[in-house]
Amino acid sequence: MNEKELTRISKRMSRHLRHDPAAIGLTLAPGGWVPVDALLAALRITREQLDEVVETNNKRRFAFDESGTRIRASQGHSVTVDLGLPDATPPDILYHGTVPKFLDAILREGLRPMNRHAVHLSPTTDTARVVAARRGKPVILRIDAAAMSAAGHSFQVSANNVWLTATVPPEFLHRL
Ligand code: HQG
């Protein structure tokens, strides 16, 4: 498949595996999983096409289970989902990329998950910058993840290396 076709399928998968499974008759099982066969039928794609999307995806957004019979989005859901990820010890510092118009609210009330199941944090400023640039001029926030852990906040890391946490109170974040 060419780049355009791969992106088109990836976007449809993001939509249905993260936000709107019912639109194509799917239901997410606990963990966010759907049977591969059901997804193939719903999207009218072949297993070979699906494998190519999963393998080439620039953010490795999707992952198969160990048996290869189920697939899920690794993060980014807006539907209520418990990914069942174990708590993990984050790097001492994590980053979040946002845009100027959200800054006042974030500094006042901290980071909230908004429409997603968790706040998404990045291990590097480069990744945070890419996340922010989707919306405008990047503003990078430095998160004191070590202090958050010490204060009892839990973190999980997705299969594609996005750090997830419920909220980041304002005292743990600083503008770079
Ligand atoms: C902001 C993409 C006001 C937050 C990316 C962000 C990522 C607040 C927006 C993944 C706020 C939410 C997630 C508060 C947070 N007041 N605004 N208290 N707290 N915000 O898209 O982190 O390509 O839900 O700064 O690459 O931007 O889809 O989160 O700007 O990994 O795979 O509210 O989505 O991945 O936006 O992005 P999002 P995000 P995919």
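Every number for a ligand or one of its atoms is a count from 1 in the order of the listing. Heads up: numbering here begins at 1 and tracks the sequence. Atom set for the values below is all heavy atoms of this structure, side chains included, hydrogens, waters and symmetry mates excluded.
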Review point. Identify the closest protein heavy atom to atom 1 (C) of ligand 1: which residue and atom is it, and at what distance?
Key: Phe102 CD1, 3.7 Å
Check your understanding: Between Arg47 and Asp51, does at least one N-O distance fall below 4.0 Å, as a salt bridge requires?
Key -> yes
Exercise for review: Measure the distances from the heavy atoms of Ser122 to every atom of ligand 1 and state whether one is below 4.0 angstrom.
Suggested key: no
Review point. In terms of residue, atom name and distance, what is the protein heavy atom nearest to atom 10 (C) of ligand 1?
Key: His120 CD2, 3.7 Å
Practice item. Check if Ile106 has a non-hydrogen atom at a distance under 4.0 Å from any atom of ligand 1. Key: yes
Review point. Tell me, which protein residue and heavy-atom name are nearest atom 30 (O) of ligand 1, and how many Å apart are they?
Key: Arg135 NE, 3.2 Å
Point to revise | Protein contact of atom 15 (C) of ligand 1 - nearest heavy atom, named by residue and atom, plus distance | key: Arg112 O, 3.5 Å
Point to revise | Per-atom contacts of ligand 1 with Leu111, taking only distances under 4.0 Å to non-hydrogen atoms | key: 15 (C), 19 (N)
**Study point:** Atoms in ligand 1 flagged as close to Thr98, the criterion being non-hydrogen separation under 4.0 Å
**Key:** 4 (C), 25 (O), 30 (O)
Review point. Among protein heavy atoms, which sits nearest to atom 27 (O) of ligand 1, and what does the distance come to when rounded to 0.1 Å?
Key: Arg134 NH1, 3.0 Å
Exercise for review: For atom 33 (O) of ligand 1, state which one of Arg116, Met114, Lys59 supplies the nearest heavy atom.
Suggested key: Met114
Review point. Any donor-acceptor pair under 3.5 Å linking the side chain of Arg134 with the backbone of Val131?
Key: yes
Exercise for review: Keeping to residues at least two apart or across chains, list the ring-ring contact (aromatic ring centres under 6.0 Å, His included) pairs with something in residues 36-87.
Suggested key: His77-His117
Point to revise | Gly110, any N or O under 3.5 Å of ligand 1 N or O | key: yes
Check your understanding: So, Arg116 side chain and Gly76 main chain: donor-acceptor pair closer than 3.5 Å or not?
Key -> yes
List the atom pairs, donor and acceptor, that lie under 3.5 Å between side-chain atoms in residues 157-166 and the rest of the protein, sequence neighbours left out.
residue, atom, partner, partner atom, Å
Ser158, OG, Asn160, N, 3.4
Ser158, OG, Asn160, OD1, 2.5
Ser158, OG, Val162, N, 3.0
Ser158, OG, Val162, O, 3.4
Asn160, ND2, Lys59, O, 3.0
Asn160, ND2, Arg60, O, 3.4
Asn160, ND2, Gln75, OE1, 2.8
Thr165, OG1, Ser154, O, 2.8

Exercise for review: Report yes if some N/O of Asn115 lies less than 3.5 Å from some N/O of ligand 1; otherwise report no.
Suggested key: no
Exercise for review: May I ask you to list the atoms of ligand 1 that are less than 4.0 angstrom from any heavy atom of Ala105?
Suggested key: 3 (C), 16 (N)
Practice item. Without swapping roles, check the side chain of Arg72 against the backbone of Gly31 for a donor-acceptor pair under 3.5 Å. Key: yes
Exercise for review: Could you find the nearest protein heavy atom to atom 14 (C) of ligand 1 and give me its residue, atom name and distance?
Suggested key: Glu109 OE2, 3.5 Å
Check your understanding: Between Glu5 (side chain) and Asn2 (backbone), is there a donor-acceptor pair under 3.5 Å?
Key -> no
Exercise for review: Would you tell me whether Asn57 and Ser10 have side-chain atoms, one donor and one acceptor, within less than 3.5 Å of each other?
Suggested key: yes
Practice item. Answer yes or no: is there a donor N or O on one side and an acceptor on the other, between the side chain of His96 and the main chain of His120, under 3.5 Å? Key: yes
Check your understanding: Do we see a donor-acceptor contact under 3.5 Å between the side chains of Asp126 and Thr124?
Key -> no
Revision key, fill the gap. Heavy-atom proximity to atom 25 (O) of ligand 1, picking from Arg61, His96, His117, points to His96
Practice item. Between Arg18 and ligand 1, find which residue part has any heavy-atom pair under 4.0 Å and reply side chain, backbone, both or neither. Key: side chain
